[in-house]
Structure formats: structure tokens, C-alpha cells
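Quick notes on the structure that follows.
Quantities reported herein were computed from a predicted structural model and do not represent experimental measurements. Any value given below was found using the heavy atoms of this structure, including those in side chains, with hydrogens, waters and symmetry copies removed.
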Amino acid sequence: MKQSNSNLDSQKNRDTNQENSNNTSQSNFIRQAIDEDLTNNRFDGRVHTRFPPEPSGYLHIGHAKAICISFGIAEDYNGLYNLRFDDSNPITEESEYVEAIKRDVHWLGFDWKEREYYASDYFETLYEYAAKLIEKGKAFVCDLTPDEMKTYRGTLVTPGKDSPYRNRTTEENLTLFQGMRDGEFPDGSRTLRAKIDMSSPNLNMRDPVMYRVLRSHHYRHGDNWCIYPTYDFTHGQSDSIEGVTHSLCDVQFEDHRPLYDWFLESLEIYQPRQIEFARLNLTYTVLGKRKLKILVEDSHVNGWDDPRLPTLAGMRRRGYTPEAIRDFCNRIGVSKADNLIELGQLEYSIRNDLNLRAPRVMAVLNPVKVIIDNYPEKQVEMLDAENNPEDESAGTREIPFSREIYIERDDFMEDPPRKFYRLAPGREVRLKHAYYITCQDVIKDDQTGEIVEIHCTYDPDTKGGWSDDGRRVQGTLHWVSVDQAVDAEVRLYDTLFTEREPENAAEGTDWIQFLNPNSLEILENCKVEPGLLNSESESRYQFLRTGYFCVDSDSTPDKLVFNRTVPLRDSWAKMQKG
RNA sequence: AGGGCGGUGGCCAAGCGGUAAGGCACAGGUCUUUGGCACCUGCAUGCGUAGGUUCGAAUCCUACCCGCCCUGCCA
């Protein structure tokens, strides 16, 4: 009675939630599987998932997809979700990573409440489980060396051979296993193995290792253990202990599912359902954990939070919002097919989010000076500027205007092509929020020919950027008043790799060679409006007409530093490329 | 070669025997004090290939082709 009620409840919740859900797509094969389990009352109407990172690196956008799937689905079904550190290999794991992972998952917007678990906290239970399998004759201590074991395992097409130690007695196995735990044997000398089937076509079933002897300091349990369980003997049992219903993971674990089920069935304990989905691949980047580690450790980038990295820490620093990342994950969907998502998809999500939220400001990245000859010297007037045309509640601000201003060097051409709607000799354009100006003269450096000053006149009757006589102008430029301008450094980013698929670009070549030498461009001499002087780290803006930017953590009041999150779409640039 | 899983437009992805959703990208256009945003229009007689079943097939059957994963005491 109680069970069917909770089942009904979750069904109802699911129905009402799906419409308003901001999580993964309305229909996918995982949701269908869960729906089936719900109607069959397989887990008493419960939905309980988990995200199981190994604390051996930083989370990246691929993990974000996995988190959005596991946690997002649990949210939608009104279920629960755990954050569990899969820390059964002390060699690669560190506390720094668990802190970073927690920070990033929180930042993404998920709250696992008190359900923060560590597989290593189950070591004692796991040990008992292992002993139980020995007693059932389903596990044995093996003395084969790694090389020997490899030989005995056979190949993809030939069956393996039974280990000569496979038939030890239960008593002997128990004693030996206890001895392993007690430190009686050297590292690597013995393993505990499941007794399954050395001729199975699934290599994972050929008597897989459950425990290895390994004297390594565990970041969480110190030197309490000198034997550590393998992933296969840890993961499913951890899911079981936590009461997880749906264990969602990467397709690479599909081959492990028979083993996952075998352990749980042999142990006769609660059995969750593992469902696999395809991992994310993104163009112009790499998402492999070891590859990212190489980029960081070999200093190809500046740390795990380098804005060029697809790590969540890097993306955060770059200016990505958690909302945009979640939106991206929801848009790309979930399936089992190999995929390669175009970077443009991610860029769409961040532009879409920031367009509605980011205050507009004016910043000149590559300045050239404009002198308005008929504007009174030393006069400074404050002009009203709307903060966000997409959001009236964002209000307005005042910006200073004066006789000398900076405009973007690209916004002037001496000999413009057709359809160049900007400043040129004799042309009149609008300065955003200010006046119409007309170019009268250009002053160049005698030596280099570089334009050093552009002389213009303004029309005092066009204040605010309007003309009563209905006169139209060719274009609208952003600008910053010279005297009030604040200097800033702006970091422009391009893709980290030059190849769409760096890992598959050329057979037998090293992906590292496809690093983009121009992935970071630093502009030292940018001029931004004075209001930006006190902006806080991570605050995000739209620099009018150029892109979305955010204040970098390197920024100080003495030296502002901005990262370009993503440029605005630029149909003019596209036109020029042809 | 053995096993597992995939193959729907340039990139994702719905679809579950009743005659190919949607998004990104792209191409036109409208609007515009951002060459942004928004809005409109266009974009698979086709669902890996070939057969078959059916009144009807992306969906069912058969064979074949292609791709990815698996021979760590990593996860």
C-alpha cells in the first residue's frame, strides 16, 4: 500500500515536472528505462542516482554532461542523488581534487546535501564481501605475476587458462587473503580474484582481480590498508550500499555490466541497474583525463583553471555561467551513439544566457584617437546609457563624453569597400549614446603611415544619438572618452587546438602537435569606460559590439584584466571572409 | 578474428508499423542607437547498404558494410 502510493507520487511528480524541467531532454532512452522501472515498481518507485568521480583530476565539460544526466534526472523524478568519490586507487588520488570537484559541482548548481560519500569508506565492508565470496567458492587468492596473468588471460579470440592457484581451499584462501591485508606479502605478489570463467568472450569475466597488494598512502585513510579493491569490485557494491537505483555511466562500462551484476548476485545484496550512455566529445579540444593532466603538468596551459581548458574551473574563469553549461548539456541530448559536438553549440548557450544578463559597457580593444574639433575643449558631459536593451530593469548609467575619444581601429577605413557601415573620410556615423560625428581629416605617422589621429566634427543637435531631421547614419560605433578611460589588459582566446579532432587528426601522430600557438592573445593597451574600475572578479559584461568578457582573477584596481568569454556573432567579419 | 555497442540532414537528436519533431550550423529576408538580440523563410521523397514481410517500414525479418569499445593488479 505504502509502496504503491510512493510509486504513484513519483509518477505524478514526474508528469508535472517534465514540462517545467530545465534538465535533460524530455525524451531519452534513460528516462524511458526509468519510466519502465517505475511502472513495474522495480525499485519501490524510487529514483536514486549518483555521480562517482575519481579525485585524480579536475572536472570538465564531459563530466558536466554526466552530472546533468545523473543529477538532473534525479531532480526531475523527485529522487535523490549522491556525490561519491570513487577513490580506490591511492596512487593517483588527492584531497586537492576532492575539494575542486565539490566546488565545481556546487558551482554547476547541484546540491547533494548530506549525501557525500567515499568508496574508500566502504573498504571494511568490501573486505567482508570479498571474504564472503571466498567462502562461497567464488573467489581465490592468486600468486600469478602481472606478466603471467596476462598470458593466462588469453586474447580476444582465444580463451584464457585457469590459474594454477584457482583451486585452493576456502581455508587457505581465507588465510592468504587475511595475510594480504596484514601486510605479509610484497606489493603485487598476490591478488584476490573472482572465480568466473576464463573462457568467457568477455575479458572482464576471465577471473578479474578484486584486490591488489599495494603499499601506498591513501589521502583519506592513510596507511590503514595495504590492499585496495579494484574498480569492478568497488563500484557496484558502493551503489548497492547507498541504495542507488540507476547507476548511469559511460558506454565504456557496458562490458563491465555482466561483472557488475555478477558480484551483486553472488553477494546476494541489493542490485541497482546500470545504464550506459555515450560520453561527450567536443570539437577543437580534448576531454581525456590524462590528456588534460598532461596539458597542465607539462605547462602547455597555466594550470587547471586556464580559461582555454574545457575544465569547469577553466570555463568559470573564462566567464561561462553554470546556467549556460547546463543549457548546453540539455540541448545536446543523451544517446549511445558516438558524437562530436560542435563548439558552436556551446558558444550558442553562453551567448544566449549572457545576452539577457550581461550589462553592456563600452571598451575599445584596439584604440585609435578621434578628435572632435568643434567640441569645446576641456568640456566633459555625462551621457545616459542603457545597461541592457534586453532588460529594462537593468537601468541606465552615466558615461563621460569629451573632445577626445578612442574608437576601435577597425571601425575606420580610409578607403572603405562597399557595405562598410563605419567611419571613413566624409562619412557620418553615430557614437553610441552620444552624437553623430563626421570624419574631416586623418593624420598619419610620417614614418610608418599608421593612422594616429582622426579629426571629426560633431552635430550638437544629435545628442543621445538621435537626429530630429530624420537623417540616417551608416553605423554606430562604441567609444571611450580619452581622459576618463581606464587602461585594461584583455585576453582573447582561440581554440586550444587547430584541429577539429586533435585526437584523430592524423594516424599515428601525437595530438599535442595540434596545439594552437595562437590560442591566447593578450591586448595590453585597451581602454574601458571608467565604471569598470571597481568591478569584481568573475563579473561578466558585454563589451558593446565585440563580445562577452569577464574580470579575471588576476585583475587588480591598478591593472584591470578581462577574459573574452566568447565574441559576439559578427556577420561583417563573415562577409569579409567571403 | 571473439564479445559488446552503435549507424536518422554539416553537427547533435526525437521517432518505438500509419507516411521524417526540435536545436545548433548554414542561406535569404524583416527590424535595429550593438553588422548583437529578436522575428520570418528555406534547408532529409530520405533514416548505413541490399533484399524480404506488410495495404503501409526509419521502425519487423535476413544478409552484408562501416564506426567505437574490450587482452591494467587504472577508473
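B/rA25: no Watson-Crick or G-U partner with both key distances under 3.5 Å is found in any strand. Pairing for B/rU8 goes to B/rG15, judged as Watson-Crick or G-U wobble with the two contacts each under 3.5 Å. The pairing partner recorded for B/rC60 is B/rG52, the criterion being a Watson-Crick or G-U wobble arrangement whose two distances lie under 3.5 angstrom. A 3.5 Å limit on both hydrogen-bonding distances identifies no Watson-Crick or G-U partner for B/rC43. Across every strand in view, B/rU34 sits unpaired, with no contact that passes the Watson-Crick or G-U test at under 3.5 angstrom.
Side-chain atoms of A/E276 and base atoms of B/rC5 include no donor and acceptor less than 3.5 Å apart. Contact of A/R153 with B/rU71 (side chain to base): no donor-acceptor pair of N or O atoms is detected under 3.5 Å. In the interface, the side chain of A/E390 is paired with the base of B/rG36 through a donor and an acceptor atom under 3.5 Å apart. One can find a donor-acceptor pair under 3.5 Å joining the base of B/rG3 and the side-chain atoms of A/D255.
For the side chain to side chain donor-acceptor pair (under 3.5 Å) test, residues two or more places apart in sequence or in another chain that qualify with A/H221 are A/S120, A/D121. Not counting sequence neighbours, the partners of A/S199 by the side chain to side chain donor-acceptor pair (under 3.5 Å) test are A/D197. Under the side-chain contact (heavy atoms from CB on, under 4.5 Å) criterion, A/P90 pairs with A/L214, A/S216, A/H218, A/Y228, not counting sequence neighbours.
A side-chain donor-acceptor contact under 3.5 Å links A/Q274 to the backbone of A/F253. Side-chain atoms of A/R427 come within 3.5 Å of backbone atoms of A/R422 as a donor-acceptor pair (strictly under, hydrogens ignored).
Here A/S88 reaches the OP1 or OP2 of B/rA75: one of its side-chain N or O atoms lies under 4.0 Å away. Distances shown here put every side-chain N or O of A/T476 at or beyond 4.0 Å from the OP1 or OP2 atom of B/rU34.
Only A/G188, A/T191, A/P201, A/L203, listed by number, bring a heavy atom of residues 188-204 of chain A to less than 4.0 angstrom from any atom of RNA chain B.
Using a 4.0 Å heavy-atom cutoff across all strands shown, A/M149 reaches at least one base atom of the nucleic acid. Looking at heavy-atom distances under 4.0 Å, A/H235 makes no contact with the nucleic acid at all. Residue A/K432 is in base contact, counting any heavy-atom pair closer than 4.0 Å across all strands shown.
In this structure, A/R290 places its CZ atom 13 Å from P of B/rA75, rounding to the nearest Å. Rounded to whole angstrom, the span from the CH2 atom of A/W572 across to the C1' atom of B/rU34 amounts to 16 Å. Atom CZ of A/R279 is separated from atom P of B/rC12 by 15 Å (rounded to the nearest Å). Note: CG (A/D207) to C1' (B/rG72) measures 16 Å, nearest angstrom. For A/R31 and B/rG15, the CZ to C1' distance is 17 Å, given to the nearest whole Å. To the nearest angstrom, P of B/rA75 lies 20 Å from CZ of A/R257.
A heavy-atom distance below 4.5 Å is not found between the side chains of A/V429 and A/C439.
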Output one line per pair: protein atom, nucleotide atom from nucleotides 20-24 of chain B, and distance, for all N/O pairs under 3.5 Å.
from: B/rG23; atom 1: O2'; to: A/R331; atom 2: NH1; distance (Å): 2.9
from: B/rG23; atom 1: N2; to: A/Q345; atom 2: NE2; distance (Å): 3.1
from: B/rC24; atom 1: OP1; to: A/Y348; atom 2: OH; distance (Å): 3.0
from: B/rC24; atom 1: O4'; to: A/Q345; atom 2: OE1; distance (Å): 3.3

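When A/R153, A/R166, A/K195 are each tested for a side-chain hydrogen bond (donor to acceptor under 3.5 Å, both in side chains) with A/D207, only one passes: A/R166.
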Mind running side-chain contact (heavy atoms from CB on, under 4.5 Å) on A/E392 and A/E386 for me, showing each step along the way? CA-CA 8 Å; A/E392 207 170 318; A/E386 63 181 349; over 6 Å; no

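Look at B/rG72: its glycosidic torsion is within 90° of 0, and that puts it in the syn range.
Legend: salt bridge (Lys or Arg N to Asp or Glu O under 4.0 Å) pairs involving residues 458-471 of chain A, not counting sequence neighbours, sorted by first then second residue: A/E381-A/K463, A/E428-A/R471, A/D459-A/R471, A/D469-A/R471.
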